[in-house]
Amino acid sequence: MRRLAELVEAVETETAQGGRAVNYEPLGVVWLALGERSRSEGATAGQAEAVERMQAVTRMEPRLVAGRLVRLDGRDWRIRLVDPDQPRSGRATLSLERTTR
């Protein structure tokens with residue numbers, strides 16, 4: 001199933017009080033053919049944490065960079081890996097991940 005997702009980049013800035021603020025800069029949209037989701041759960045520092053992972057196939061383009069986010073159904077998925085598909089030129093497989101607490 002293909003889905004339309006927004007591609008965004010997190011931009012950190014320092015506030016006047018010395019803290020950090022994160023703004024999300026939109027970079028456009030991408031069509032994704034979504035794969036199966038997997039989920040693992042664990043605990044760090046006494047807090048329960050779940051990590052969801054998913055792969056998606058899309059057209060290869062320079063905006064697809066590890067560390068950027070794709071926003072899908074109101075949830076942000078971090079791009080962990082961009083793997084150009086060898087058999088199908090012009091395509092890439094994205095490894096996506098999101099963490100919930």
Side-chain angles (χ1 to χ4, degrees):
M1 164 174 27
R2 287 181 16 146
R3 304 285 301 277
L4 189 62
E6 183 181 11
L7 182 64
V8 297
E9 183 168 32
V11 178
E12 282 191 27
T13 56
E14 188 171 330
T15 65
Q17 295 78 22
R20 291 260 182 228
V22 179
N23 293 311
Y24 295 95
E25 181 179 316
L27 301 174
V29 294
V30 291
W31 282 102
L32 302 175
L34 303 177
E36 295 284 325
R37 289 185 190 187
S38 66
R39 181 182 173 105
S40 60
E41 296 185 17
T44 56
Q47 287 197 351
E49 182 176 88
V51 177
E52 286 185 89
R53 291 179 182 86
M54 176 172 51
Q55 290 195 340
V57 176
T58 187
R59 290 187 186 272
M60 186 62 186
E61 61 175 271
R63 297 180 303 165
L64 297 171
V65 176
R68 289 190 171 157
L69 304 173
V70 290
R71 190 165 283 158
L72 183 64
D73 297 331
R75 296 184 178 114
D76 290 340
W77 292 80
R78 183 163 308 280
I79 300 173
R80 290 292 178 199
L81 178 69
V82 179
D83 183 23
D85 286 342
Q86 299 305 321
R88 295 185 66 191
S89 180
R91 302 274 185 199
T93 299
L94 306 179
S95 294
L96 306 174
E97 182 177 283
R98 79 183 204 76
T99 304
T100 58
R101 297 184 196 272

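Heavy atoms only: backbone and side chains are in, while hydrogens, waters and symmetry mates are out.
The heavy-atom pair separating R78 from G67 by the smallest distance is NH1-O, 2.6 Å. The shortest non-hydrogen separation linking R68 to P62 is NH1-O, 4.5 Å. Summarising the geometry of L96 relative to A56, their closest heavy-atom pair is CD1-CB, 4.1 Å, with the distance given to 0.1 Å.
V30 pairs in a side chain to side chain contact (heavy atoms under 4.5 Å, CB included) with only one of the listed residues (R59, R3, R63), which is R63. Here the options are L69, T99, V70, the test is side chain to side chain contact (heavy atoms under 4.5 Å, CB included), and the partner is D76; only L69 passes.
Considering only residues two or more places apart in sequence or on other chains, E14 meets the side-chain contact (heavy atoms from CB on, under 4.5 Å) condition with R20. With sequence neighbours excluded, the residues that form a side-chain contact (heavy atoms from CB on, under 4.5 Å) with Q17 are T15.
A donor-acceptor contact shorter than 3.5 Å is absent between the side chain of T58 and the backbone of L32.
Here the straight-line distance linking atom CD of E25 with atom CG of L7 works out to 10.5 Å at 0.5 Å rounding. Taken from OG1 in T100 to CD in E41, the straight-line distance is 7.5 Å, to the nearest 0.5 Å.
Each of V8 and I79 belongs to its own hydrophobic cluster when Ile, Leu, Val, Met, Phe, Trp and Tyr are linked at side-chain heavy-atom distances under 4.5 angstrom. At a threshold of 4.5 Å between side-chain heavy atoms, the hydrophobic network of Ile, Leu, Val, Met, Phe, Trp and Tyr places L94 and M54 in one connected group. Linking Ile, Leu, Val, Met, Phe, Trp and Tyr residues whenever their side-chain heavy atoms come within less than 4.5 Å places W77 and M60 in a single cluster. Note on L64: it clusters hydrophobically with L27, by side-chain heavy-atom contacts below 4.5 Å among ILVMFWY residues.
Taking 4.5 Å as the limit, every side-chain heavy atom of L72 sits out of range of all side-chain heavy atoms of R98.
Taking a cutoff of 4.0 Å between a charged side-chain nitrogen and a carboxylate oxygen, E97 and R53 qualify as a salt bridge.
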